[in-house]
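One structure is given below, encoded as structure tokens.
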Amino acid sequence: MGYAHIHAIVRADNQGGLAYYQSRGFEDFRRLPNCTLADGTRVDKIWKRFEL
């Protein structure tokens, strides 16, 4: 299909999710600070990227 990479955005407080994507070869691409969740909670998110 011509894709060069896959992106995943994971909450910084989701240690299990971060470990999973790291174990699959995803690398940190960007940090998204102070994202507002539906309930109003603010949390950083980690944007991860896997090169195909």
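None of these values were measured; they are calculated from a predicted model.
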[X] versus [Y]: any side-chain heavy-atom pair under 4.5 Å?
X: W47; Y: D28; result: no
X: E27; Y: Q22; result: no
X: V43; Y: L37; result: yes
X: D44; Y: L32; result: no
X: I6; Y: L52; result: yes

- prompt: Would a hydrophobic clustering, with Ile, Leu, Val, Met, Phe, Trp and Tyr connected at side-chain separations under 4.5 Å, put I9 with I46?
  reply: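 No, I9 does not connect to I46 through the hydrophobic network.
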query: Hey, does the side chain of R42 reach the backbone of N34 with a donor-acceptor pair shorter than 3.5 angstrom?
result: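 Yes, because the side chain of R42 sits within donor-acceptor range (under 3.5 Å) of the backbone of N34.
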Quick one: [atom1] on [X] to [atom2] on [Y], what's the gap to the nearest 0.5 Å?
X: L18; Y: K45; atom1: CG; atom2: NZ; answer: 12.0 Å
X: Y21; Y: F50; atom1: OH; atom2: CZ; answer: 12.5 Å
X: H5; Y: E51; atom1: NE2; atom2: CD; answer: 6.5 Å

message: Does the plane of the ring in F29 sit parallel, tilted or perpendicular to the ring in H7? Use 30° and 60° as the thresholds.
response: perpendicular
